[in-house]
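Some notes on the structure that comes next.
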Protein chains: 2
Amino acid sequence: MAKKKATIQDIARAAGTSVSTVSRVLTGNAPVSDAKRAAVERAIAQLGYRPSLIARGLKMSKTFTIGVVINDITNPFYSMVVKGAESEAKACGYSLILCVSNENPETELHQLQMLHDKQVDGIIFGPTGHNTEFIRSLAARIPMIQVDRYLPDLQSDAVVVDNEGGAYQAVKLLTQRGHRRIGLVGWQIGITSEDQRIAGYCRALEDAGIPCDPHLMSTSPAFAPETMPAMVETLLARRPRPTAIFTINNQFGIVAMQAIRQAGLNIPDDVALVVFDDLAVFALTSPAISAVAQPAYEVGQRTVQLLLSRLKDDGEAPPQLIVLPTELIVRESA
Amino acid sequence: MAKKKATIQDIARAAGTSVSTVSRVLTGNAPVSDAKRAAVERAIAQLGYRPSLIARGLKMSKTFTIGVVINDITNPFYSMVVKGAESEAKACGYSLILCVSNENPETELHQLQMLHDKQVDGIIFGPTGHNTEFIRSLAARIPMIQVDRYLPDLQSDAVVVDNEGGAYQAVKLLTQRGHRRIGLVGWQIGITSEDQRIAGYCRALEDAGIPCDPHLMSTSPAFAPETMPAMVETLLARRPRPTAIFTINNQFGIVAMQAIRQAGLNIPDDVALVVFDDLAVFALTSPAISAVAQPAYEVGQRTVQLLLSRLKDDGEAPPQLIVLPTELIVRESA
DNA sequence: TGTCATTTTGAAATCGATTTCACCGGTTAG
DNA sequence: CTAACCGGTGAAATCGATTTCAAAATGACA
């Protein structure tokens with residue numbers, strides 16, 4: 001029963017023709033007489049033949065595979081990005097190799113190397129940190145689209161959201177409601193998305209004539225999830241206490257919500273809260289959390305679209321930076 | 001700068017030896033003199049050579065790639081399963097091709113076919129529905145581990161959680177607290193995981209001497225997310241109203257929470273709620289939701305481990321069903 | 001020093017496809 | 001009537017590795 005997989009040779013033999021002809025009906029890029037074509041198709045159906053994509057990939061140096069390197073697939077934002085990307089890729093006949101780098105530059109490097117070795121047609125990449133010679137040379141060899149964040153000094157496309165504008169809107173909501181002591185919690189680890197959110201926070205404050213007070217910015221220069229609660233607590237311990245908090249991502253938002261509650265404070269009466277990066281459940285907590293929503297699915301889609309268009313261009317279209325709009329969703333927490 | 005990628009031929013030439021020798025130092029499965037080895041290694045370093053995994057894959061019929069087909073990557077359970085799987089795979093030198101089937105049997109079929117065509121070494125698979133001749137024949141050709149759910153009549157390994165036991169504990173909690181009219185919401189679409197949860201619900205009722213009343217079971221025989229709110233509402237409209245609800249998954253849990261609130265009812269005083277499949281935010285809603293937690297990360301890990309062990313066995317170890325325990329987390333909603 | 005066993009080595013076959021090239025027969029054009 | 005062209009075909013080269021096989025180099029031993 002479990003017979004060896006049929007090869008193109010077997011088809012040629014069964015159809016009484018040559019492998020060249022079989023290949024021609026397979027790829028359809030050269031004329032074949034109706035008689036031969038029929039014979040070949042019959043043989044294919046009969047033997048249940050499927051061409052080896054590996055052999056084809058070797059010969060054509062095309063694998064119809066896209067590599068994806070992201071930090072955390074359990075982050076709802078990224079999993080939605082991946083969903084969008086997978087859907088678009090699938091529709092165009094590509095598949096995705098998923099790599100999770102866990103914010104670890106070394107892991108990231110190994111994975112990029114591996115994707116290169118597997119000769120993926122392109123790479124979608126949410127960089128953990130700083131540029132390296134290796135990344136630069138890789139970007140020169142393989143079409144690479146950065147997603148969510150980007151390395152400013154890397155000559156390469158990127159698809160991101162309007163982080164600065166989203167944060168600006170969020171904090172503006174707070175200033176408009178009269179808040180003047182607005183805290184910020186987040187990482188400051190040299191990643192564009194987060195830096196831009198901080199920039200938006202500062203601009204909104206300045207627009208309202210409020211100086212940007214470093215004492216109200218609780219940021220950490222290193223990624224260390226276990227310190228998140230303490231970071232919020234320091235902020236709540238400031239006197240006078242901030243009357244509102246803006247968190248740079250939803251994880252900090254959840255931590256903040258918990259910390260504020262544990263401090264016996266009420267949201268939004270004692271401390272208002274606005275979070276960057278919306279979650280479905282933010283509509284269901286009480287109070288419901290106001291948040292900046294990102295078009296994650298569309299980010300994934302557009303990233304793949306841009307990558308596939310680069311595969312066609314091949315050549316020298318200049319790198320493009322696509323910025324998708326965010327949306328501020330006002331609920332009860334502010 | 002962007003020179004062609006070096007091949008094994010180039011290395012052989014640069015090192016003044018033959019491709020055979022280069023291959024031997026690469027794979028290390030035949031002795032090579034120290035002099036030649038040094039020369040080859042120097043050439044490799046100098047030219048920045050990396051062996052083509054495609055060519056190697058063709059010759060050795062081994063791709064070090066695992067295909068994963070799941071229903072929804074944005075479901076936190078699955079994304080955690082994938083995280084565990086990716087981590088384990090990465091540690092063993094494998095990578096993952098991720099396919100999302102969206103509960104669509106046709107999509108699933110295409111993806112399985114594609115994975116086969118790409119000659120993945122094995123497949124991890126959360127089946128959408130019923131067995132087919134194609135799946136059966138595929139499972140005979142490629143090592144295939146089912147995850148989360150399984151096709152009972154398919155001769156193949158599976159890694160799942162104790163759905164029946166988890167649901168039993170959840171509902172037992174409710175009966176112990178005196179509830180006698182306990183509603184159930186969920187799909188009943190012939191998928192083992194969900195069927196088993198329903199079975200656990202029934203067993204817990206019977207254990208408490210409560211008959212299993214179909215009027216209190218709001219199930220749908222087809223997957224249709226848009227009907228979820230209505231399904232909960234029918235249950236809440238029953239008179240006398242159920243005093244507790246068990247939902248078969250967390251999506252239904254969120255919908256139920258919303259519906260109960262909108263009906264102006266209080267959780268847990270008017271209606272208690274226990275949900276299968278915990279979410280991090282269930283600890284933060286108010287009331288916090290009691291839920292059955294699944295060891296998702298471990299499911300992913302174990303699945304890959306089992307798959308890799310099958311790649312070694314190759315032969316005829318009988319199919320194995322690994323059942324991991326769940327944990328009931330009691331919070332405020334029941 | 002000659003023989004035999006043991007390492008090393010390279011030429012060539014192989015994996016399964018695509019593609020070039022030469023060729024054949026039949027129109028069509030000049 | 002010959003030249004040019006074109007649709008259709010198969011033999012052979014190619015993609016970039018591994019592996020077999022036989023030859024060459026080395027070492028051991030009598």
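Chain naming here is simple, since letters A, B, ... match the order of the sequence lines and numbering starts at 1 in each.
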Regarding the side chain of A:Q9, the nearest nucleotide among D:dG7, C:dG16, D:dT19 is C:dG16

Find which nucleotide of DNA chain D each of B:R24 and B:R50 is nearest to by heavy atoms, and output the residue with the more 5' nucleotide.
B:R50

Distance to the ring centre below 6.0 angstrom and angle to the axis at most 45 degrees; does that hold for B:K62 and B:F64?
yes

Could you state the atom-to-atom distance from CD1 of A:I54 to C1' of C:dT14 in whole Å?
15 Å

For A:K118 and D:dC15, give me the distance from atom NZ to atom C1', rounded to whole Å.
19 Å

Short side-chain N/O contact from B:S23 to OP1 or OP2 of D:dT18, under 4.0 Å
yes

B:V19, nearest nucleotide to its side chain (from D:dT9, D:dT18, C:dG10):
D:dT18

Examine D:dG10: is either OP1 or OP2 under 4.0 Å from a nitrogen or oxygen in the side chain of A:T21? Give yes or no.
yes

My understanding is that only one of A:T27, A:I8, A:V32 makes a side chain to side chain contact (heavy atoms under 4.5 Å, CB included) with A:V22; could you say which?
A:I8

Can you tell me how far P of D:dG16 sits from OH of B:Y49, to the nearest Å?
10 Å

Inspect the surroundings of CG in A:D153 and state if more than 12 heavy atoms from other residues, nucleotides or ligands are less than 6.0 Å away.
yes

Could you tell me if A:Q301 and A:E86 have a donor-acceptor pair between their side chains, going purely by distance under 3.5 Å?
no

Which part of the nucleic acid, if any, lies within reach of A:V32 when heavy atoms closer than 4.0 Å are counted: base, sugar-phosphate only, or nothing?
sugar-phosphate

Interatomic distance where NZ belongs to A:K5 and C1' belongs to C:dC15 [whole Å]:
11 Å

For A:T17, report the nucleic acid contact type (base, sugar-phosphate, nothing); a contact means any heavy atom under 4.0 Å.
sugar-phosphate

Regarding the side chain of A:K36, the nearest nucleotide among D:dT9, C:dT18, D:dT18 is D:dT9

Sugar-phosphate, base or nothing in reach of A:S61, heavy atoms under 4.0 Å:
nothing

Answer with base, sugar-phosphate or nothing: what part of the nucleic acid does A:S52 contact at a heavy-atom distance below 4.0 Å?
sugar-phosphate

Among C:dG16, D:dG8, D:dT18, the nucleotide that comes nearest once only the side chain of B:L58 is considered
C:dG16

When the distance from CD1 of B:I8 to P of D:dT14 is rounded to whole Å, what number comes out?
17 Å

Using whole Å, report how far CZ of B:R56 lies from P of D:dC15.
19 Å

Just checking B:S33: base, sugar-phosphate only, or nothing, at a heavy-atom cut-off of under 4.0 Å?
sugar-phosphate

Under 4.0 Å: is that the gap between some side-chain N or O of A:N29 and OP1 or OP2 of C:dT19?
yes

Given C:dA13, is OP1 or OP2 found less than 4.0 Å from the side-chain N or O atoms of B:K59?
no

Lys/Arg N to Asp/Glu carboxylate O, B:E298 vs B:K83, below 4.0 Å:
no

It should be established whether B:S18 places a side-chain nitrogen or oxygen under 4.0 Å from OP1 or OP2 of nucleotide C:dG10.
yes

Using whole Å, what does the distance between atom P of nucleotide C:dA17 and atom CZ of A:R13 come to?
12 Å

Side-chain donor-acceptor pair present, B:K118, B:T65, cut-off under 3.5 Å
no

Remember a base hit wins even if backbone is also touched, and classify B:S20 as base, sugar-phosphate or nothing at under 4.0 Å, heavy atoms.
base

For B:D10 and D:dC15, give me the distance from atom CG to atom P, rounded to whole Å.
11 Å

